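These numbers were taken from a predicted model, which means no experiment stands behind them.
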Amino acid sequence: MILAINCGSSTLKYTLFDFEKYEVVASGNVERIGTGGSFITHKSNGDKNKYELPLNSHEAAFYKLLELIEKDGINKEDIKVVAHRFVHGGEKYRKSQIVTEEALKDLEKLNPLAPLHNPANITGIKSAMAVMPWAKNTITLDTSFHETLPECTYMYGLPYEWYEKFGVRRYGFHGTSYLYTSRRLAKLLGKKPQELNAIICHLGSGASVCAIKNGVSVDTSLGFSPLEGLVMGTRPGDTDLGIISYMARNGVSLEEQEVIFSKKSGLLGLCGYNDMRDLEERADTDPKCKMANDVFNYRVAKYIASYFGILPSVDAVVFTAGAGERAQKNRADIIAALANLGIKMDMEANDKAFGGPEAKISAYDSSTAVYMIPTNEEIVLIEDAQALLDGKYKGPSEFYSYKFEE
């Protein structure tokens, strides 16, 4: 049994997987941990139940989910490994690995690089270690899929000493999602992974675009931290660095700006809403919502178009993640902005493609295929954990066999 964990500051998403049977045994979400009104939604044996109870810590959440798993008839000590999503590995940690005490100390030092994510990921690991001391813990890093970025992509035009001393460079994120969707796309197209050239759009509250060449990442919109690139739910994306010093001179401290850039910018900053569904509902009546929606779509289209210029060919453009899988109108508007490249949407197929299953949504005469592929980051965590236990892990860019490709 492998327990895959995606830990947020007040949430804990989990999937319990039986690797021998290669099937999900149970899954769920714990929400509002430590904030009051906490609850857990647990799915198993075809049933879905919601439990409202006070959960003041992630450790308490782990104890509760183990209790529910044992009610399902599973011995908690059959869980041999807890597989964690970890967002930012910095320069040192570029591949999935089994967590040691030394590694945990190193990873904690990276918290400033992803302040919304890494501290929560650390909390998840420490909680699992405390509650499940018999199990090993592994991490799969969002940054690891982008270990193949060429130097011309990952270097910024900043003093080289900043890179040498502080690791200031482009890292990229959403790697588990890109690994899964690129492998699934290759399968759908009847190609080997190393033959694939594609542009994948991971669109959710956090969002990015990735250029895939010969099956590996060669460019991506997110950079040193999860702030660059697309306009996101609460993050600004590409922003002139001069704004930082300008606002500091106008009385907004660096500490205030860090909070604003991470939690109060993006769609939320532009119109007061950070969910694409809210924007779509209000676009016809709220000019700010329409503006924010247009800004989001434009930025995605611009990145897609730029990646056409650096790839030798493009087998397909892919939409994935929350908005990528469900926001049909946004997909249509983004593709419409690329009409000069000859890309066309099949509007009927696009309307039907909502959350799954995988679907081709481009018109028959489109110059490039367009797909919607639901992502499955948990299965990447699970496969990596099993490969690490078996001593077979090679890394995200070395194309070792994944069962999910089948």
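Comment: Glu228 engages Arg170 in a salt bridge, judged by a side-chain N to carboxylate O separation of less than 4.0 angstrom. Classification of Asp294 and Lys290 as a salt-bridged pair holds, one side-chain N sitting under 4.0 Å from a carboxylate O. Using a 4.0 Å cut-off between charged nitrogen and carboxylate oxygen, Glu378 and Lys13 count as a salt-bridge pair. Contact check on Lys329 versus Asp333 returns a salt bridge, with a Lys/Arg side-chain nitrogen under 4.0 Å from an Asp/Glu carboxylate oxygen. Between Lys288 and Asp286, none of the side-chain N atoms (NZ, or NE/NH1/NH2) sits under 4.0 Å from a carboxylate O, so this pair counts as no salt bridge.
For Glu377, there are no salt bridge (charged side-chain N to carboxylate O under 4.0 Å, His left out) partners, not counting sequence neighbours.
Under the side chain to side chain contact (heavy atoms under 4.5 Å, CB included) rule, Glu358 has a single partner from Thr181, Leu188, Leu185, Thr320, which is Leu188.
Side-chain contact between Met372 and Val318 is absent, with no heavy-atom pair separated by less than 4.5 Å. Glu31 is not listed as a side-chain neighbour of Ser38, based on a closest heavy-atom distance of 4.5 Å or more. The shortest distance between side-chain heavy atoms of Asn121 and Arg85 does not fall below 4.5 Å. Side chains of Ile212 and Asn197 form no contact here, defined as non-hydrogen atoms less than 4.5 Å apart. Counting heavy atoms from C-beta outward, Thr148 and Val218 have side chains that stay 4.5 Å or more apart. Side-chain contact check for Tyr63 versus Leu55: every heavy-atom pair is 4.5 Å or farther apart. The closest side-chain heavy-atom distance from Leu270 to Met291 is below 4.5 Å. Residues His146 and Cys210 meet the side-chain proximity criterion, which asks for heavy atoms closer than 4.5 Å.
Taking every heavy atom of both residues into account, Gly89 and Leu141 meet most closely at CA-CD2, 3.3 Å. Contact between Phe145 and Ser182 at its shortest, heavy atoms only, is CZ-OG, 4.1 Å. Of all the heavy atoms in Tyr178 and Val209, the pair that sits closest is OH-N, 3.3 Å. Contact between Gln257 and Ala248 at its shortest, heavy atoms only, is NE2-N, 3.5 Å. The heavy-atom pair separating Ala120 from Ser9 by the smallest distance is CB-N, 3.5 Å. Across Pro119 and Asn111, no two heavy atoms sit closer than the pair N-OD1, 3.5 Å.
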Could you give me the CA-CA distance, side-chain angles and deciding distance for Glu256 and Ser253, then say whether side-chain hydrogen bond (donor to acceptor under 3.5 Å, both in side chains) is met?
CA-CA 5 Å; Glu256 290 177 280; Ser253 69; 3.2 Å; yes

Does Asp219 form a side-chain hydrogen bond (donor to acceptor under 3.5 Å, both in side chains) with Tyr303? I'd like the steps, not just the answer.
CA-CA 10 Å; Asp219 204 349; Tyr303 266 96; over 6 Å; no

Given Tyr163 and Glu91, is the side-chain hydrogen bond (donor to acceptor under 3.5 Å, both in side chains) satisfied, shown in steps?
CA-CA 10 Å; Tyr163 168 63; Glu91 276 277 273; 3.3 Å; yes

Under the side-chain contact (heavy atoms from CB on, under 4.5 Å) criterion, do His84 and Leu381 qualify, and how do the steps go?
CA-CA 7 Å; His84 300 264; Leu381 272 61; 5.6 Å; no

Set out, in order, the CA-CA distance, both residues' side-chain angles and the distance that settles salt bridge (charged side-chain N to carboxylate O under 4.0 Å, His left out) for Glu108 and Lys126, then state yes or no.
CA-CA 11 Å; Glu108 283 192 270; Lys126 288 184 174 180; 3.0 Å; yes

Let's go through His174 and Ser208 carefully: what are the C-alpha distance in whole Å and the side-chain angles of both, what is the deciding distance for side-chain hydrogen bond (donor to acceptor under 3.5 Å, both in side chains) to 0.1 Å, and is it a yes or a no?
CA-CA 8 Å; His174 298 137; Ser208 63; 2.7 Å; yes

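Residues Thr41 and Asn29 have side chains that never bring a donor and an acceptor to within less than 3.5 angstrom of each other. A donor-acceptor pair shorter than 3.5 Å cannot be found between the side chains of Tyr371 and Ser362. Residues Asp47 and His42 bring no donor and acceptor atom of their side chains to less than 3.5 Å of each other. Under the 3.5 Å distance criterion, with hydrogens and angles disregarded, a donor-acceptor pair is assigned to the side chains of Asp384 and Thr140. With 3.5 Å as the limit, one finds a donor-acceptor pair spanning the side chains of Tyr93 and Asp106.
Taking the ring centroids of Tyr180 and Phe404, they lie under the 6.0 Å cut-off.
In this structure, Lys95 fails the cation-pi test against Tyr393, since its NZ or CZ atom is not both closer than 6.0 Å to the six-membered ring centre and inside 45 degrees of the ring normal.
Rounding to the nearest 0.5 Å places OG1 of Thr368 at 8.0 Å from CD1 of Ile199. Considering OG of Ser367 and CG of Leu341, their distance stands at 6.5 Å, rounded to 0.5 Å. To the nearest 0.5 Å, atom CG of residue Leu179 and atom CG of residue Asn376 are 11.5 Å apart. From Cys7, atom SG reaches atom CG of Asn118 across 12.0 Å, with rounding to the nearest 0.5 Å. Note that CZ of Arg331 is 8.5 Å distant from CG of Asp351, once rounded to the nearest 0.5 Å. Atoms CG and OG1, from Leu203 and Thr375 in turn, are 11.5 Å apart once rounded to the nearest 0.5 Å.
Among residues at least two apart or in separate chains, there is no ring-ring contact (aromatic ring centres under 6.0 Å, His included) pair with a member in residues 220-240.
Counting heavy atoms of neighbouring residues, nucleotides and ligands inside a 6.0 Å radius, atom CD of Glu101 does not exceed 12 of them. Open room surrounds NZ on Lys136; 12 or fewer heavy atoms of other groups in view lie less than 6.0 Å from it. By the 6.0 Å contact criterion, CD on Glu348 is open, its count of non-hydrogen atoms from other residues, nucleotides or ligands being 12 or less. Shown here is Lys48, whose NZ atom has no more than 12 heavy atoms of other residues, nucleotides or ligands within 6.0 Å. Counted within 6.0 Å of NZ on Lys64, heavy atoms from surrounding residues, nucleotides or ligands total more than 12; the atom is thus considered enclosed. Summarising the local packing, CZ of Arg169 is surrounded by more than 12 heavy atoms from other residues, nucleotides or ligands at distances under 6.0 Å.
Note: Tyr171 and His88 have perpendicular aromatic rings, judged against thresholds of 30 and 60 degrees for the angle between ring planes. Classified by interplanar angle (parallel below 30°, tilted 30° to 60°, perpendicular above 60°), the ring pair Tyr22/Phe17 is perpendicular.
Side-chain atoms of Asp390 do not come within 3.5 Å of backbone N or O of Lys392 as any donor-acceptor pair.
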